[in-house]
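Below is one structure; the comments refer to it alone.
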Amino acid sequence: MLQIKDLHVSVQGKEILTGLNLEVNAGEVHAIMGPNGTGKSTLASVIAGNENYEVTKGEIIYNSKNLLELSIEDRAREGVFLGFQYPVEIPGVSMTNFMRTALDEIREYRGEKPLSAAQFLKYMKQKKALVEMQDKLNNRSVNEGFSGGEKKKNEIFQMAMLEPKLAILDETDSGLDIDALRIVANGVTKLKSPENATIVITHYQRLLDYIVPDFVHVMYEGRIVKTGDKSLALELEEKGYDWIKDELKA
Amino acid sequence: MAKDEQKIIGDVTNSDYKYGFYSDIETDTIAKGLSEETVRIISMKKEEPEWLLDFRLKAYRKWLTMEEPDWAHLNIPPIDFQDIIYYAAPKKKKELESLNEVDPELLDTFNKLGISLEEQKKLAGVAVDAVIDSVSVKTTFSATLEEKGIIFMSFSEAVQKYPDLVKKYLGTVVPIGDNYFAALNSAVFSDGSFCYIPKGVRSPVELSTYFRINTANTGQFERTLIIADEGAYVSYLEGCTAPQRDENQLHAAIVEIIAHKDGEVKYSTVQNWYPGDKEGKGGIYNFVTKRGMCEGDRSKISWTQVETGSAITWKYPSCVLKGDFSVGEFYSVAVTNNYQQADTGSKMIHLGKNTKSTIISKGISAGKSHNSYRGLVRINPKADNSRNFSQCDSLLLGDKCGAHTFPYIESMNTSAIVEHEATTSKISDAQLFYCQQRGLSPEKSIGLIVNGYAKEVLNQLPMEFAMEAQKLLSISLENSVG
Amino acid sequence: MTDNPKEIALELKDKLLQRFESVLPHFESDESDFFVNKRKKAIEAFKEVGFPSTKNESWRKTDLKPFLLKDYSFSFTENNNNQIPSAYKCNINQFDTDLFTMVNGKWVNGSDGVTTYDNGTVVASLSTAKIAFPEIFEKHFGQCVVNERNGLIALNSAFYEEGYFIYVPDNVSHNTNLQMVNIIETNQNILTNTRNIVVLGKNARLKLVHCDDSVDNQYSFINNVTEICLDNGANLDFYKLQNKDDEAVVLTNTFVRQDSDSNFTSNTVVLNGGLIRNDTYVNLNGGGANADVIGLYLMDNKQIVDNHVFIAHNVSNCTSNQLFKGIVDNEARAIFNGHTLVKQDAQQTLALQNNNNIQLTNISKIDTHPFLEIYADDVKCSHGATVGQLDMEAMFYLMQRGICERNAKMLLMVAFVGQIINKIKLPNLQKSVDELVRKRLKGELSSCEQCSIQCAEPDKPLHFDIDMSKV
């Protein structure tokens with residue numbers, strides 16, 4: 001589904017990703033871990049198409065398409081979803097209007113007919129139940145005045161609405177209490193299918209108790225330096241990252 | 001004359017104004033009044049080259065066609081330009097070799113001001129180009145600067161020694177006909193400072209000048225020109241105090257700054273001209289044109305000012321952001337008390353791409369004073385991705401004063417982002433109570449709160465200057481509550 | 001005729017001065033000395049100050065001169081048998097208002113020009129009201145208008161003939177919304193001086209909608225003065241909709257005088273026009289009074305919109321809020337000049353002032369001047385102004401969810417203007433303005449959509465806003 005080859009990325013002349021390789025197949029869950037400032041969020045942003053990042057070398061192939069040539073919204077319509085670490089507040093744009101516009105456009109891209117208003121509302125209600133979201137959020141502006149937990153739930157809700165093929169969850173667990181974490185994780189697990197894949201970017205092992213990864217990658221200095229299974233996450237939790245740095249030096 | 005003497009005695013015994021005294025130095029003055037002849041005499045006395053006389057005459061002729069501006073939120077009494085002496089210089093006794101040879105009276109003056117040259121030299125590592133009235137008396141530290149190729153001397157001296165440099169830059173940022181007072185200055189300017197930092201040189205010390213109006217009825221028309229060549233850096237300090245006078249005195253200075261590619265100039269001022277007495281009598285009229293040209297890419301000009309003095313202040317330090325990625329900054333604290341009036345602010349003219357400007361202005365009004373912020377931010381059509389952020393806050397102490405804000409924003413580019421914010425408030429009773437409950441006097445409390453309020457700006461000043469400025473703020477606001 | 005613009009502009013002034021001499025006998029025969037003397041004083045003021053030019057500080061950014069060069073005919077030369085343009089008759093059934101119409105500066109409702117409601121509320125043409133309600137009229141006419149402030153006001157005070165007069169008695173909550181429509185339909189270049197007076201007694205309440213429309217593409221010059229007096233506790237919602245053709249000049253000067261605890265909300269929506277300039281002067285004269293002066297403008301082509309708001313806090317404990325938002329496209333220009341004056345005794349003032357702009361092209365121009373002039377210390381005043389583009393972070397977020405750039409922009413622009421539209425308290429009006437704005441933003445304001453006949457969809461509710469120039 002996703003092949004990243006020798007990816008180099010710079011921001012304002014500073015190289016953040018330094019030759020990253022990653023392959024993700026349908027049905028898989030990948031966890032990316034690593035110390036602060038190693039380029040995890042940069043990777044997520046680049047896949048989504050944030051123009052602040054300059055790809056200087058390498059390629060990203062997504063379902064045999066050159067992802068780097070697609071616009072931000074076409075990537076989204078192709079099924080790339082980014083759960084933002086810090087979802088932006090958009091005053092004046094209601095959640096309903098926002099989701100309706102997004103869904104209509106994605107359906108149009110896929111050659112599907114738009115949902116009627118009634119169908120849409122029903123669909124939305126269904127998906128809200130999944131993340132235990134309250135109805136009143138409908139009329140609120142996107143993320144405006146949401147608590148940290150609500151914002152993250154809102155990201156998962158949108159993911160449920162848009163049914164992406166590749167979901168990248170950037171630090172979705174940060175700032176969540178244990179109940180919210182459970183809800184978010186359950187949402188993600190329920191949305192999992194053999195056709196889609198998930199990349200979970202996280203600091204902590206605890207999210208991985210709920211979303212069990214098939215692969216765990218460790219990022220350091222802009223590259224993936226170690227890959228293992230679930231047990232690697234546990235090892236990191238126990239020993240920290242220093243031993244990997246030491247291993248690299250050796 | 002007896003009347004004058006009485007005034008002087010009165011001045012000395014009245015300690016309202018800490019720096020209000022009169023120093024008795026023999027001065028060489030010309031007759032009152034302004035004419036083409038006056039301009040020629042000034043130029044002749046200063047032994048200026050032909051081109052400079054032409055410059056002055058052109059400016060004078062331009063000035064004759066102009067009208068005194070009246071758009072500021074100021075009440076300016078009529079100024080009789082014929083009742084002003086346009087040239088006064090301390091009489092040269094002989095060439096001075098060292099500080100010891102400087103007129104002892106003059107040194108005494110500096111000592112009273114707490115700016116002894118010796119001490120400055122030793123303690124602060126600051127080169128001081130001290131100006132009494134219109135002519136530079138002493139330049140120190142020139143040797144240190146010379147090593148680096150830095151030119152820092154009186155304007156008159158520069159005209160003699162580096163005529164090409166002066167000619168190249170003079171009037172390029174502030175054209176002779178820029179405004180009424182700029183035209184006047186261009187015609188009759190007496191002296192000032194000239195500073196040139198060569199390519200790639202970072203000035204190792206903060207350059208500093210002290211200005212002082214000394215002779216009665218003498219207009220003061222300084223001219224300052226600062227050039228940072230490619231990659232050069234300089235931090236420049238200017239501080240003013242003036243003796244107490246009953247007649248209003250006019251001060252119309254021009255400061256021009258040019259920053260070439262990657263060059264940076266940081267210009268800091270503490271302005272404490274005599275503000276007039278508690279009844280609003282006397283005081284300096286300060287009409288200043290200060291402008292910087294960010295000529296080259298990535299150049300930067302930063303203005304920081306602490307304005308506590310003058311009866312009337314009319315001053316808008318500005319930046320023309322011509323080079324791409326150039327940066328302009330303006331940080332200001334303006335305090336007015338009693339009957340002072342200030343109309344001050346900044347202009348940021350964005351011409352180049354990706355240019356950025358910041359305006360932080362803190363106005364504090366007390367007594368029966370009026371304090372206005374007036375600013376212009378203009379984004380020209382080619383200034384893609386330009387940014388401006390302005391914040392202009394006013395603090396009112398007492399209910400007889402005024403605080404006004406007049407921002408002008410003009411945008412002609414779709415990619416520009418201009419933001420202006422302002423608030424007007426007073427010191428809250430809760431804040432005062434809190435401080436007093438912790439044992440501070442009301443005045444100390446206000447000083448503390450005001451300094452906190454102005455901190456963003458004070459932090460921009462070099463250390464010693466910041467200390468001085470903090471003291472000044474408190475002194476200026478004495479008796480403003482009650 | 002001369003080609004020199006300056007002389008032509010002078011010509012218009014001279015023409016008007018001459019015109020005054022010729023119509024003076026007409027005024028003298030119809031009116032009491034009280035009014036005639038006011039006119040004479042006003043024409044003197046006009047003679048003195050003339051039309052405002054860019055040399056006047058408050059007109060520095062708005063050049064009236066090109067619009068003074070047109071050869072205008074004066075409304076008072078026309079006779080009074082105006083009809084509502086036939087196309088206009090069938091509008092706004094769904095919009096719950098009592099409609100009063102003026103065509104080319106003349107009143108067309110009813111032969112006697114007076115409507116008196118059971119609750120005592122009066123809506124009348126100015127000329128009728130002058131005779132029928134002399135006491136109220138003379139008490140409020142010209143009370144807060146300063147002729148010398150600019151020549152346009154003086155011109156209006158000298159020449160005004162018609163306009164509307166609305167009076168709501170003490171303690172009356174007038175429950176039907178009043179809609180005043182001023183249509184220009186003529187094959188001449190017309191210059192009109194309309195004058196409106198709105199008086200609300202103690203605790204009276206009213207919602208008033210004022211529309212300026214034009215049904216042709218002729219040059220027109222509307223010079224309007226509106227006087228609004230709100231007694232203690234009165235409450236007025238004043239909506240102004242301006243949807244003119246590109247040749248139209250609309251200049252309005254609105255003077256508001258507010259007593260204690262009165263509330264004035266003015267919401268001005270400008271969608272089109274050649275030059276639209278709205279000056280609003282509010283005097284808060286009684287404690288507890290509140291004024292909200294807000295507005296929205298969407299300008300394109302070479303249109304110019306200029307909103308000037310002056311709010312004087314003359315006494316303590318008043319609140320005011322100025323908020324104008326605009327989107328400026330093509331070569332259009334938008335000017336905002338807000339001025340809040342807090343006088344020395346006006347303690348405990350709360351005054352807000354904001355102007356936000358989105359600039360869509362490099363050839364458009366935005367000038368914003370949010371001024372504060374404050375002489376009291378125990379006040380909370382703030383102002384802000386922004387000029388910018390859409391929030392790029394929000395754009396990225398929307399596009400990441402699959403929304404195309406154009407629609408993402410639309411969503412953000414609609415959200416941007418929503419803050420003003422949401423403050424319209426008449427639901428149907430809010431809905432129509434919202435629709436109109438969306439269409440305007442999409443560039444879909446086609447002739448069919450604007451046409452009142454709606455032949456394609458006879459069942460579709462009609463828009464209240466009609467711009468026949470596009471038919």
Side-chain angles (χ1 to χ4, degrees), chain B residues 70-71 73 363 365-366 368-429 480-481, chain C residues 55 57 60-61 316 327-331 333-392:
Chain B
D70 62 353
W71 41 259
H73 197 278
S365 325
K368 291 176 175 158
S369 68
H370 286 280
N371 200 330
S372 302
Y373 167 83
R374 186 181 303 277
L376 169 69
V377 175
R378 179 183 289 149
I379 313 286
N380 276 48
K382 287 181 182 163
D384 293 343
N385 303 315
S386 293
R387 298 285 178 269
N388 163 267
F389 177 75
S390 305
Q391 189 184 335
C392 309
D393 295 334
S394 308
L395 195 64
L396 289 142
L397 305 177
D399 57 3
K400 303 281 188 293
C401 50
H404 318 304
T405 321
F406 304 107
Y408 293 76
I409 299 167
E410 303 178 6
S411 171
M412 288 170 273
N413 188 300
T414 166
S415 60
I417 296 180
V418 181
E419 288 174 273
H420 175 96
E421 283 174 15
T423 57
T424 301
S425 53
K426 67 167 196 169
I427 293 176
S428 80
D429 294 340
S480 64
V481 276
Chain C
K55 283 186 181 159
E57 174 67 19
R60 210 158 56 90
K61 297 291 174 182
S316 55
I327 300 178
V328 183
D329 203 351
N330 295 344
E331 289 177 66
R333 299 199 46 180
I335 299 122
F336 171 77
N337 199 316
H339 191 156
T340 304
L341 169 68
V342 179
K343 296 229 176 120
Q344 201 172 322
D345 297 328
Q347 299 292 3
Q348 276 92 48
T349 287
L350 176 66
L352 308 172
Q353 194 183 57
N354 251 298
N355 176 230
N356 309 114
N357 295 282
I358 291 181
Q359 189 172 11
L360 296 178
T361 68
N362 280 358
I363 43 178
S364 60
K365 189 161 187 248
I366 290 166
D367 291 290
T368 171
H369 312 147
F371 292 172
L372 296 177
E373 192 177 351
I374 295 161
Y375 299 89
D377 65 333
D378 190 7
V379 298
K380 282 202 180 97
C381 297
S382 75
H383 68 179
T386 56
V387 176
Q389 45 194 342
L390 300 167
D391 180 353
M392 294 321 283

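Every value quoted in this text rests on a predicted model; they were computed, and no experiment measured them. Per chain, numbering begins at 1; letters A, B, ... match sequence-line order. As a basis for the values below, the full set of heavy atoms in this structure was taken, side chains included, without hydrogen atoms, waters or symmetry mates.
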Original post:
Highest number of heavy-atom pairs under 4.5 Å with chain B: which of C:H339, C:Q347, C:K380, C:K365?
Top reply: C:K365
Original post:
Side chain, backbone, both or neither: which part of C:L360 has an atom under 4.5 Å from a heavy atom of chain B?
Top reply: backbone
Original post:
Where does the angle between the aromatic ring planes of B:H420 and C:H383 fall among parallel (under 30°), tilted (30 to 60°) and perpendicular (over 60°)?
Top reply: perpendicular
**OP:** Tell me, for C:Q353 versus chain B, whether the close heavy atoms (under 4.5 Å) come from the side chain, the backbone, both or neither.
**Re:** neither
Original post:
Rounded to the nearest 0.5 Å, how far apart are CE of B:M412 and CG of C:D367?
Top reply: 7.5 Å
Subject >> Contact origin within C:T368 toward chain B - heavy atom pairs under 4.5 Å >> reply: both
Original post:
For B:A416, is it the side chain, the backbone, both, or neither that has a heavy atom closer than 4.5 Å to a heavy atom of chain C?
Top reply: backbone
**OP:** Please flag which part of C:A385 lies under 4.5 Å from any non-hydrogen atom of chain B: side chain, backbone, both or neither.
**Re:** both
Original post:
Non-hydrogen atoms of chain C under 4.5 Å away: do they reach the side chain of B:K382, the backbone, both or neither?
Top reply: neither
Subject >> Atom group of B:R374 that falls short of 4.5 Å from chain C, counting heavy atoms >> reply: neither
**OP:** Could you tell me the separation between the CD atom of C:Q344 and the SG atom of B:C401, rounded to the nearest 0.5 Å?
**Re:** 8.5 Å
Original post:
So which part of C:E373 gets closer than 4.5 Å to some heavy atom of chain B, the side chain, the backbone, both or neither?
Top reply: both
